[in-house]
Number of protein chains: 2
Amino acid sequence: MATREKSDCPINLSLELIGDRWTLLIIRDMVFAGKKHFREFLQSDEGISSRTLAERLQTLQDEGILTRSDDPTHGLRTVYRLTEAGIDLLPVLATLGAWGSRHRKADERLARITDQLAAGGEAALEKMKAALRTEHSV
Amino acid sequence: MATREKSDCPINLSLELIGDRWTLLIIRDMVFAGKKHFREFLQSDEGISSRTLAERLQTLQDEGILTRSDDPTHGLRTVYRLTEAGIDLLPVLATLGAWGSRHRKADERLARITDQLAAGGEAALEKMKAALRTEHSV
DNA sequence: GTCAACAGTTCCAAATGTAAACTGTTTTGC
DNA sequence: GCAAAACAGTTTACATTTGGAACTGTTGAC
């Protein structure tokens with residue numbers, strides 16, 4: 001995504017980075033399923049290809065949304081962690097989930113999660129962000 | 001976008017429809033700039049191609065996000081209007097804009113708009129939704 | 001020492017997106 | 001009443017992105 005920015009509109013700038021089919025699904029898996037490893041992302045229901053996954057993880061790393069580091073306890077394993085900018089995408093996931101829950105035929109169990117998050121307002125979001133900071137700190 | 005759904009996750013269902021570079025920019029133009037005509041969307045800074053625009057408008061219409069009708073006062077003109085599902089995308093635009101405003105180098109004047117909307121909580125959103133309902137009703 | 005786990009990479013085909021020119025009406029300005 | 005501009009797209013040729021499958025090279029488990 002080395003494309004020159006097409007405008008300085010905040011919505012456009014967000015979309016230039018996360019406006020695609022896969023990026024927010026990766027973030028979703030980190031936020032709601034606690035995934036941290038390449039192989040885990042590969043196993044999601046939507047079936048991202050390893051090629052696309054590798055490219056997205058690299059871009060997200062370049063743009064400061066997540067960090068990549070070696071697992072000290074396991075030489076082969078790589079750990080991906082959300083940065084503060086990545087954790088800050090939680091409200092986007094919440095509103096996106098709430099919309100899908102209301103206007104598409106979504107799984108009820110999953111819908112409850114984002115619905116509660118969106119309905120809980122700032123307080124619910126901050127609580128979950130705090131938990132994510134703990135989980136993704138080194 | 002006649003793709004079979006890959007999962008029933010509400011976030012995935014939202015992304016399958018609006019997770020791309022252009023769709024939310026069209027909605028943004030309708031919501032914040034009051035655009036309603038093909039030629040107006042074409043003139044945005046980001047420069048969508050007429051082919052992509054036509055395809056997206058068709059999909060959004062098929063999926064019930066907007067409606068298409070002839071302008072009674074002007075035989076050539078077509079009017080696109082947001083449905084309730086389309087208006088309901090406002091919180092997504094607000095959080096997306098707030099994120100871009102905080103984490104990218106966004107235009108300050110534009111950033112203020114989404115920032116206030118996101119900071120104003122449910123009340124600010126509902127107020128703007130009410131205005132959109134009036135503007136996009138027949 | 002063998003086998004599975006791990007994070008990718010490589011290659012090719014298919015799908016999608018872009019730019020630019022073009023269509024066929026209708027309305028506007030004179 | 002006629003020419004030019006406005007309107008919503010379509011078409012075509014090309015470039016870029018994506019998807020699927022097979023493959024690499026290393027490390028850890030048994």
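Chain letters run A, B, ... following the sequence lines, proteins first and then strands; every chain starts at 1. Note that the coordinates shown come from a computational prediction; the quantities given were computed from them, not determined experimentally.
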Would A/E5 and B/R104 count as a salt bridge (charged side-chain N to carboxylate O under 4.0 Å, His left out) if you check the C-alpha gap in whole Å, the side-chain angles of each, and the deciding distance to 0.1 Å? CA-CA 11 Å; A/E5 285 104 29; B/R104 314 267 94 184; over 6 Å; no
In whole angstrom, give the distance that lies between atom CZ of A/F38 and atom P of D/dT24. 17 Å
Within the side chain of A/H37, is there an N or O that forms a donor-acceptor pair under 3.5 Å with the backbone of A/T78? yes
Is it true that A/R102 and B/E84 make a salt bridge, defined as a side-chain N closer than 4.0 Å to a carboxylate O? no
Taking the side chain as every heavy atom from C-beta outward, state whether B/P10 and B/L13 have any pair of such atoms under 4.5 Å apart. no
B/W22 side chain N/O closer than 4.0 Å to the phosphate oxygens (OP1, OP2) of C/dT16? no
A/R21 or B/L42, whichever maps to the more 5' nucleotide of DNA chain D: B/L42
Can you confirm whether A/Q58 is buried at CD, in the sense that more than 12 heavy atoms of other residues, nucleotides or ligands lie under 6.0 Å from that atom? yes
Between the opening five pairs and the closing five pairs of the helix from C/dG1-D/dC30 to C/dC30-D/dG1, how far apart are the helix axes, to 10°? 30°
Would you mind reading off the distance between A/K35 atom NZ and C/dC6 atom C1', rounded to a whole angstrom? 16 Å
Carboxylate-amine/guanidinium contact A/E122 A/K127, below 4.0 Å: no
When we call it a touch if two heavy atoms are under 4.0 Å apart, what does A/S50 touch: a base, just sugar-phosphate, or nothing? base
Please state how far atom CD in A/Q61 lies from atom C1' in C/dG8, giving the value in whole angstrom units. 13 Å
Whole-Å gap separating C1' (D/dT10) and CG (B/L53): 13 Å
Whole-Å distance separating the CG atom of A/D70 from the P atom of C/dG8: 9 Å
Side-chain donor or acceptor of B/T52 under 3.5 Å from a matching atom on the base of C/dT16? no
May I have the distance from B/R51 (atom CZ) to C/dA21 (atom P), rounded to whole angstrom? 17 Å
Could you check whether any side-chain heavy atom of B/E108 comes within less than 4.5 Å of a side-chain heavy atom of B/S101, counting everything from C-beta outward? no
Whichever of B/G47 and B/R39 has its nearest DNA chain C nucleotide further upstream toward 5': B/G47
Does some side-chain heavy atom of A/F32 sit less than 4.5 Å from a side-chain heavy atom of A/L90? yes
Identified side chain to side chain contact (heavy atoms under 4.5 Å, CB included) counterpart of B/R81 within the set B/V138, B/I87, B/L132: B/V138
Under 3.5 Å, N/O pairs linking protein and nucleotides 27-30 of chain D:
{"from": "D/dG28", "atom 1": "OP1", "to": "A/G75", "atom 2": "N", "distance (Å)": "3.1"}

Which part of the nucleic acid, if any, lies within contact of B/F41, taking any heavy atom under 4.0 Å across all strands shown: a base, the sugar-phosphate backbone alone, or nothing? nothing
Quick one: is B/R56 getting a side-chain N or O under 4.0 Å of the C/dT16 phosphate, OP1 or OP2? no
Please check the phosphate of D/dC7 (OP1 and OP2 only) for any side-chain N or O of B/Y80 closer than 4.0 Å. no
Separation of D/dT18 C1' from A/I26 CD1 (nearest whole Å): 14 Å
Mind calculating the distance between CD1 (B/I48) and C1' (C/dG17) to the nearest angstrom? 10 Å
Can a salt bridge be assigned to the pair A/K36 and A/D71 using a cut-off of 4.0 Å between side-chain N and carboxylate O? no
